Chemist: 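I'd like to ask you about the structure that follows.
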Amino acid sequence: MSLQVKGKVQQILKAESGVSRAGKEWKKQEFVIETDEQFPKKICFTLFNDKTSLIEGLSTGEEIEVSFNVESREYNGRWFHNINAWKIEKPASENLPEPPPEFSVGDIPPEPADDETNDLPF
């Protein structure tokens with residue numbers, strides 16, 4: 001299941017790292033965004049391993065769109081949930097270039113006078 005949500009970055013949490021029981025190194029970083037709805041919600045996302053680089057260059061207050069998956073797992077009779085981000089995009093800039101100026105008949109240069117010096121056959 002893949003979902004998307006837009007919001008402003010509220011907080012970028014400290015990166016964590018470690019070694020799993022199997023001896024593999026891991027990295028994780030979490031960040032929080034606040035949605036722009038009638039009733040705004042704060043959502044904490046997790047980035048794992050190579051995906052932690054997606055947060056580089058972002059700062060609080062920045063508008064982003066996050067693609068993520070929701071995952072749950074059971075441990076000792078309790079359920080734990082992860083919201084794993086896998087893509088972060090900045091929305092396209094709303095600053096469009098100015099349209100060209102209006103065209104008027106006065107912008108057309110006058111045609112040259114018909115004289116004999118023009119020796120083109122057409």
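Values in this document were obtained by computation on a predicted structure and should not be read as measured data. Nothing fancy with the numbering, it's 1 onward along the sequence.
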Chemist: Rounded to the nearest 0.5 Å, what's the gap from CD on Q10 to CD1 on I43? Could you check?
Modeler: 11.0 Å
Chemist: Find out whether I33 and K6 are in side-chain contact, i.e. whether some heavy atom of one side chain is under 4.5 Å from a heavy atom of the other.
Modeler: no
Chemist: With a 6.0 Å cut-off (strictly less than), is the heavy-atom count around CD of E37, excluding the residue itself, greater than 12?
Modeler: yes
Chemist: Taking the side chain as C-beta and beyond, is there a heavy-atom pair between I88 and F31 under 4.5 Å?
Modeler: yes
Chemist: If hydrophobic clusters are built from ILVMFWY residues whose side chains come within less than 4.5 Å, do V32 and V66 share one?
Modeler: no
Chemist: Heavy-atom count check: over 12 atoms from other residues, nucleotides or ligands less than 6.0 Å from D36 CG?
Modeler: no
Chemist: Within this structure, what is the CG-NZ distance for the pair L58 and K90, rounded to the nearest 0.5 Å?
Modeler: 5.5 Å
Chemist: Given the rule that I, L, V, M, F, W and Y join up when any side-chain heavy atoms are under 4.5 Å apart, are I83 and Y75 in one cluster?
Modeler: no
Chemist: Answer whether the closest heavy-atom distance between the side chains of Q29 and I12 falls below 4.5 Å.
Modeler: yes
Chemist: Measuring from E34:CD to T60:OG1, what's the distance to the nearest 0.5 Å?
Modeler: 12.5 Å
Chemist: After noting the C-alpha distance and the side-chain angles of F48 and N82, does the key distance pass the side-chain contact (heavy atoms from CB on, under 4.5 Å) rule?
Modeler: CA-CA 11 Å; F48 283 105; N82 282 355; 4.2 Å; yes
Chemist: Is any NZ, NE, NH1 or NH2 atom of the basic residue among E89 and K87 found under 4.0 Å from an Asp or Glu carboxylate oxygen of the other?
Modeler: yes
Chemist: Looking at NZ of K14 and CD of E30, how far apart are the two atoms once the value is rounded to the nearest 0.5 Å?
Modeler: 13.5 Å
Chemist: So, for S67 and Q4, which heavy atoms are closest and what is the spacing to 0.1 Å?
Modeler: OG-NE2, 3.2 Å
Chemist: Which pair of heavy atoms, one from S20 and one from W26, lies closest together, and at what distance?
Modeler: N-CD1, 3.7 Å
Chemist: Is any side-chain heavy atom of L13 closer than 4.5 Å to one of Q11?
Modeler: yes
Chemist: Measuring from K27:NZ to S17:OG, what's the distance to the nearest 0.5 Å?
Modeler: 8.5 Å
Chemist: Please check if the number of heavy atoms outside K41 that lie under 6.0 Å from its NZ is greater than 12.
Modeler: yes
Chemist: Rounded to the nearest 0.5 Å, what's the gap from CD on E74 to CZ on F80? Could you check?
Modeler: 9.0 Å
Chemist: State, with a plain yes or no, whether a side-chain heavy atom of L54 is found less than 4.5 Å away from one of F45.
Modeler: no
